[in-house]
**Student:** 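What follows is a structure written as structure tokens; I'll ask about it next.
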There are 2 protein chains.
Amino acid sequence: MNQVYPSFSDIEEAYQRIKPLINKTPVLTSGMINEIFSADIYFKCENFQKVGAFKFRGATNAVQLLSDTEARKGVTTHSSGNHAAALSLAARQRGIPAYIVMPDNAPEIKKIAVKGYGAKITFCEPTLEAREKTLEKVQNETGATFIHPYNNFNVISGQGTAALELLKEYPFLDIIIAPVGGGGLLSGTAISAKAMNHKIKVYAAEPLNADDAYRSFKQGVIIPSVNPKTIADGLLTSLGSITFQVIREKVDDIFTTKEESIIQAMKLIWERMKIIVEPSSAVPLAIIIENISLFKDKKIGIIISGGNVDLNHLPF
Amino acid sequence: MNQVYPSFSDIEEAYQRIKPLINKTPVLTSGMINEIFSADIYFKCENFQKVGAFKFRGATNAVQLLSDTEARKGVTTHSSGNHAAALSLAARQRGIPAYIVMPDNAPEIKKIAVKGYGAKITFCEPTLEAREKTLEKVQNETGATFIHPYNNFNVISGQGTAALELLKEYPFLDIIIAPVGGGGLLSGTAISAKAMNHKIKVYAAEPLNADDAYRSFKQGVIIPSVNPKTIADGLLTSLGSITFQVIREKVDDIFTTKEESIIQAMKLIWERMKIIVEPSSAVPLAIIIENISLFKDKKIGIIISGGNVDLNHLPF
């Protein structure tokens, strides 16, 4: 029987595979932020990853693992966010086509980014039904391989390499926190972290306004996200069957946080660390803001998921 | 006779002195920006320096060089910008008082920063006369040593350590560019660069709307800046006697740039590199935007001077 989800050695192999193709992102700290929270916080800066987000790790791993026959026909996905850009660039790096299905109301800036990486965009109406139908049509016409944004074995293996890099550099962390949307980053992080340090606590951070992962985790069954409204626009999706299983087995707890705390955390990171992070990336620091005593005196790793934000529409 | 300005060995000694007290800032590159300009650009990120600006290097060197007797009485300066914050923190690190003279119309955010570092602020009217009179009064009352923001031997030595770090890591640069306001950073950069690589070109970047250094350089005499209006608010000051001499002897050329190019360069750095830089830091990239053919195929180092910007008042 096949493994249901990646083991740590899958992640190690993914790392060797994608290492020459990705940026090794820096881990930054801020004396001022550590002082505020009486903790040592290590930020793994995937906002400096190619396409500005961790998603490039998983997409690259999935694209590199295609057979030559599969690869020739290209890859496809539905996404209006970072996964679309990541898959497009990963495909370009292998010299194969990428077909992206995108709702026609996606932000102009995202369309330009994906086109810039040379992908072919097929627009559809912004409904789940239209999206799935359009994707099926594209697959039938092109024979391209569908790379799911998170509920995909090879994508999860790739996402786990961010925590792998962080924990190689800082093996002594007490806690590691990742934001959770579909759960690809969180699953990969949990597999790496628990394999590399069995004492580490793995926490997920989620907006209260999109708390489907929290509720799924507590109730033991996937509860889909219904029209969530949060500034953390990378965390709107529901868990998948694979990511949910990893999360149930390896994540210690999920914390939710208010929108105001997310904005406060984002501003704190911008002002104090001088780096641009998207709202989703600020959710882990937001749960520290709301639970100061729990994190006091701890050594904490945070995965900064990305830095793609519309500079003309900032929340502060 | 004393040296008029620092030699490279003064900068090397400054580096050994301040090294344990400063951040070693990273050098970042962007594949996308290199593609746009067909050049290899290395950004030395002093926005990640303590207090968010290169100014901390010079202030720390000056504070560390005080005798114990001098130090006990503290330091003083007039500044509403990064030098005020830098001197305040440098003084706190040595455990001595800092007295900052600041115009009463200085931005609230700057007042809070300086107070946060434990300095004592004396407000004055926003005129040159009031500033100098107030500074004199503070000096008389406290016996504090005046640390000029740029026309100071030890400050220039400290500022030169940024280029020293950059060129140690990337010795093969063809060109190094620093922004010029009072000329402290530029002088230190030029001394280090010409000593470490006699073939390197040292260029200064200045807003056209505050082009006093350009005119001084071309005419061979210091022409003071009169009411300059530029978004690059760190570059409003005039050259000093010491910095002007270094610039005449060691800088190859000064380029000026329009406000639109500064804003365009700043946005490019924010969007592509995911780092927060202040407008003054974008001026070197702005001169590349305006002189693409001159910089084509070159390996260029840029000193990113700082990242202190009011997030509620962005120019884009």
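Naming convention: chains lettered A, B, ... in sequence-line order (proteins, then strands); numbering from 1 in each chain. This is a predicted model, so every value here is computed, not measured.
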**Student:** How far apart are the closest heavy atoms of I276(B) and I276(A), and which atoms are they?
**Tutor:** CG1-CG1, 3.5 Å
**Student:** Less than 4.5 Å to any heavy atom of chain A: does that hold for the side chain of M32(B), its backbone, both, or neither?
**Tutor:** side chain
**Student:** Just wondering, more than 12 heavy atoms not from K111(A) lying within 6.0 Å of its NZ?
**Tutor:** yes
**Student:** Hey, could you give me each pair passing side-chain hydrogen bond (donor to acceptor under 3.5 Å, both in side chains) that has a residue in residues 264-274 of chain A? Not counting sequence neighbours.
**Tutor:** K274(A)-N308(B)
**Student:** Considering non-hydrogen atoms only, spot the tightest contact between L311(B) and F316(A) and give its length.
**Tutor:** CD1-CE1, 3.7 Å
**Student:** Using non-hydrogen atoms and a limit below 4.5 Å, what part of residues 44-64 of chain B faces chain A?
**Tutor:** N47(B), F48(B), G52(B)
